[in-house]
Structures are given as structure tokens and as C-alpha cells.
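None of the values given here were measured: they were computed from a predicted structure.
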Amino acid sequence: MATLTRAKRLLIDTLANNINEVVLGFDGTYATPDDGSAGRPAVTLTPTITVLDDTSLLVEATLGTQHSFTESLKEVYVQFRAADGTFTPIGRYTILPIAKNDENEVHIQLLVEVI
């Protein structure tokens with residue numbers, strides 16, 4: 001039996017209410033379902049979460065011109081970090097390398113779906 005729409009919506013709402021960090025990093029190794037953290041973190045951003053429908057949400061974060069790196073950004077890692085510092089991984093994504101300097105801004109958009 002397939003997962004019912006109302007259950008998927010509960011999962012989407014739970015994710016939306018708990019994702020509170022997006023980590024951009026330098027590790028370009030292949031992302032797997034078992035990844036537990038960002039490989040080589042560069043910066044942590046606070047995302048904006050938008051529930052799109054019963055099965056999907058949009059995670060957005062912006063890295064402004066105040067950040068500059070000599071190495072390309074190659075991963076995006078989404079997580080929930082609790083007040084005590086513990087964290088729960090949500091997803092890790094390998095991206096095409098992005099050269100980030102103080103003259104450009106990077107806007108990250110991730111579509112998360114519960115299927």
C-alpha cells in the first residue's frame with residue numbers, strides 16, 4: 001500500500017519545522033543516503049523553508065558577498081541542529097563547483113520531496 005497523502009504532509013511539515021541549517025562545504029565526494037555530516041564545511045547558513053504542497057518543500061539560503069573562499073564550494077548539507085549542539089542529518093548534495101569570492105552572491109535552492 002502506498003503512503004497516504006496526509007501522512008506525506010505530516011512528514012513534510014515535520015521536516016519544514018525542523019530544518020534550521022544549510023552547510024556549504026568543499027567536499028565534492030559522491031553524496032550517499034548514509035552521509036552523516038558535511039565533509040569539509042565552509043559556512044553555515046540559516047535557511048528559509050517554504051512548504052509547496054503535500055509532498056514537497058523548498059529550502060533556500062543565500063551566501064552574501066561578505067564571504068570569499070580560495071577553494072570552490074562543492075556540497076550542500078541540510079540539517080536540524082538542536083539547542084544542545086546535537087544535529088540530525090536531513091540530506092547531503094554534491095553540486096557543481098562554485099567559485100565564491102567577495103564579488104558574487106550564491107543563492108541555494110533545494111527541492112525536498114516525500115514520495
Side-chain angles (χ1 to χ4, degrees):
M1 181 173 153
T3 304
L4 299 177
T5 302
R6 290 178 68 182
K8 289 179 185 179
R9 179 56 187 244
L10 175 63
L11 292 171
I12 284 294
D13 287 341
T14 301
L15 285 172
N17 291 327
N18 286 287
I19 292 173
N20 60 2
E21 289 187 350
V22 169
V23 181
L24 301 180
F26 303 121
D27 187 0
T29 59
Y30 185 74
T32 72
D34 297 319
D35 288 337
S37 66
R40 293 181 14 220
V43 64
T44 301
L45 306 171
T46 301
T48 300
I49 312 297
T50 305
V51 174
L52 301 174
D53 57 33
D54 289 338
T55 61
S56 59
L57 58 88
L58 180 64
V59 179
E60 296 179 281
T62 300
L63 182 60
T65 56
Q66 73 273 25
H67 296 281
S68 180
F69 305 105
T70 57
E71 192 173 344
S72 293
L73 298 169
K74 298 177 193 139
E75 73 175 328
V76 178
Y77 179 75
V78 179
Q79 67 184 5
F80 164 70
R81 181 172 299 276
D84 66 1
T86 60
F87 63 92
T88 302
I90 305 297
R92 180 176 170 268
Y93 310 91
T94 305
I95 59 174
L96 293 174
I98 298 172
K100 176 65 184 87
N101 57 46
D102 59 3
E103 295 179 8
N104 63 354
E105 181 176 276
V106 175
H107 186 74
I108 301 294
Q109 292 182 312
L110 297 169
L111 178 65
V112 177
E113 292 181 293
V114 173
I115 54 172

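Between T5 atom OG1 and I12 atom CD1 the span is 11.5 Å, to the nearest 0.5 Å. Atom CD1 in I98 sits 10.0 Å away from atom NZ in K100 (nearest 0.5 Å). With rounding to the nearest 0.5 angstrom, the CG atom of L24 is 5.5 Å from the CG atom of L73. In this structure, N18 CG and D13 CG are separated by 10.5 Å, a value rounded to the nearest 0.5 Å. In this structure, OG1 in T48 is found 9.0 Å from CG in L58, a value given to the nearest 0.5 Å. The OG1 atom of T88 lies 9.5 Å from the CG atom of N20; values are rounded to the nearest 0.5 Å.
Of all the heavy atoms in P41 and V23, the pair that sits closest is CB-CG1, 3.7 Å. Residue T29 comes nearest to R92 through the heavy atom pair O-NH2, 3.1 Å, listed as atom of the first residue, atom of the second, then distance. N101 and E103 get closest at one heavy-atom pair: OD1-N, 2.7 Å. When every heavy atom of K74 is checked against every heavy atom of F26, the shortest pair comes out as CD-O, 3.6 Å. When all heavy atoms of F87 and Q79 are compared, the closest pair comes out as CD1-OE1, 3.2 Å.
By the rule that hydrophobic residues join a cluster once side-chain heavy atoms approach within less than 4.5 Å of another member, V112 and I49 end up as members of one cluster. Y93 is not connected to L52 by any chain of hydrophobic side-chain contacts under 4.5 Å among Ile, Leu, Val, Met, Phe, Trp and Tyr, and they are in different clusters. Taking hydrophobic clusters as Ile, Leu, Val, Met, Phe, Trp and Tyr residues chained together by side-chain heavy-atom distances below 4.5 Å, V78 shares a cluster with I95.
Counting only heavy atoms from C-beta outward, the side chains of V76 and V22 approach each other to under 4.5 Å.
Shown are V114, L111, L15; of these, the side-chain contact (heavy atoms from CB on, under 4.5 Å) with L57 is made only by L15.
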Throw together a table of side-chain donor-acceptor distances under 3.5 angstrom for residues 59-69, partners on residues two or more places apart or in other chains.
residue, atom, partner, partner atom, Å
E60, OE2, H107, NE2, 3.1
E60, OE2, Q109, NE2, 2.7
T62, OG1, H107, ND1, 2.6

